[in-house]
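Have a look at the structure below, then the notes.
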Amino acid sequence: MHRPVIDWFDEHARDLPWRRPEAGPWGVMVSEFMLQQTPVNRVLPVYEQWLARWPRPADLAAEPPGEAVRAWGRLGYPRRALRLHAAACAIQERHGGEVPDDHAELLALPGVGEYTAAAVASFAFGRRHPVLDTNVRRVFARVVGGVQYPPNATTAAERRLARELLPADEPTAARWAAATMELGALVCTARTPHCARCPVTARCAWRQAGSPAHDGPPRRGQTYAGTDRQVRGKLLAVLREATAPVPQRDLDRVWDEPVQRARALDGLVADGLVEPLADGRYRLPLT
DNA sequence: CACCCGTGGTC
DNA sequence: TGACCAAGGGT
């Protein structure tokens with residue numbers, strides 16, 4: 001199944017800025033942080049601004065973390081901005097300002113988990129690592145496993161399969177990783193897969209089985225309305241827009257339930273996303 | 001391992 | 001219209 005997928009990728013791969021050679025390892029790393037749970041289309045403009053402002057890890061590390069949170073805009077999960085800033089600081093301190101090419105060293109950086117470490121090593125440095133993101137897991141679940149969706153959490157069996165399917169030589173392995181991700185993103189999509197355009201539809205186990213619907217416990221959905229996350233989002237939006245420290249009363253206006261509002265604000269402070277001042281006002285963190 | 005963490009588009 | 005989904009990580 002490797003040849004057809006890689007050939008398909010050669011013809012249909014999107015021209016994304018972090019795939020251009022000039023993006024470099026730092027560009028790849030920034031894109032991977034931003035793409036964690038955020039769609040490509042919404043990442044694109046923020047990515048361009050980010051790289052223009054902070055073309056090297058050292059440039060970002062030289063700024064207060066709050067500037068990263070502000071520049072993150074509405075990408076969501078703003079702790080990622082904080083972690084990307086912390087990763088830039090660690091790269092500056094531990095790696096002389098250069099993004100490391102070693103999987104273990106990448107994994108040790110803030111905000112870099114198993115997926116991101118493999119992705120950066122593979123896409124930025126051409127190294128050979130199984131890259132298991134939600135797209136690849138879905139492709140494997142269908143083509144190999146014969147089921148509509150992968151398990152809720154990544155299993156040892158999935159990791160073993162990904163390792164077994166990984167091509168032996170480095171350049172092909174990196175190509176394979178990008179190709180399987182792209183196939184999942186463009187063709188083997190979650191909702192309505194485009195099997196007519198799939199290069200491996202003829203040997204897809206799920207297709208051969210008649211595309212049976214997901215069977216088993218319902219996949220955990222995400223609720224949002226009325227949660228602390230929504231309140232945190234509203235509070236942080238006020239602070240992102242502000243150019244000066246914000247009085248408590250301006251934050252109180254975003255949510256009328258005082259207990260939940262206070263809990264959300266406390267959480268933001270605890271996470272380091274918000275800095276309380278001695279005079280009772282709040283701002284994005286300077287340290 | 002289950003849950004928490006934002007935001008907006010889609011069907 | 002509301003549930004589902006999007007290149008996860010940390011605890």
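Letters A, B, ... mirror the listed sequences (proteins, then strands); counts begin at 1. Just so it is clear, the values below take in all heavy atoms, side chains as well, and ignore hydrogens, waters and symmetry mates.
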Does [X] reach a base, just sugar-phosphate, or nothing at all? Heavy atoms under 4.0 Å.
X	answer
A/Arg232	sugar-phosphate
A/Thr116	sugar-phosphate
A/Phe33	nothing
A/Trp72	nothing

| field | Nearest-neighbour nucleotide for the A/Tyr77 side chain, C/dG9, B/dC5, B/dT7 considered | value |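 When the side chain of A/Tyr77 is considered, B/dC5 is the closest of C/dG9, B/dC5, B/dT7.
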For [N] versus [M], give the span between their [atom1] atoms, rounded off to a whole number of Å.
N	M	atom1	value
C/dA7	B/dT10	P	14 Å
C/dA6	B/dC1	C1'	22 Å
B/dC5	C/dG2	P	22 Å

Any Lys/Arg nitrogen of [X] or [Y] sitting under 4.0 Å from an Asp/Glu carboxylate oxygen of the other?
X	Y	result
A/Glu275	A/Arg283	yes
A/Asp59	A/Arg56	yes
A/Glu182	A/Arg19	yes

Less than 3.5 Å between a donor and an acceptor, one on the side chain of [X] and one on the base of [N], is that the case here?
X	N	result
A/Arg229	B/dT7	no
A/Arg191	C/dC4	yes
A/Thr134	C/dG8	no

| request: Output yes when at least one side-chain N/O atom of A/Gln37 is less than 4.0 Å from OP1 or OP2 of C/dG8, else no. | output: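 So the side-chain polar atoms of A/Gln37 do come within 4.0 Å of the phosphate oxygens OP1 or OP2 of C/dG8, strictly under.
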| task | Mind calculating the distance between CG (A/Asp266) and C1' (B/dC5) to the nearest angstrom? | result |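 After rounding, the gap between these two atoms is 16 Å.
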| query | Going by atom types only, do A/Tyr115 and A/Gln36 share a side-chain donor-acceptor pair under 3.5 Å? | reply |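 Side-chain D/A pair, A/Tyr115 to A/Gln36: absent.
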| said: Go nucleotide by nucleotide along DNA chain C from the 5' end; which of A/Pro39 and A/Ala117 gets its closest nucleotide reached first? | reply: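 Final value for this comparison: A/Pro39.
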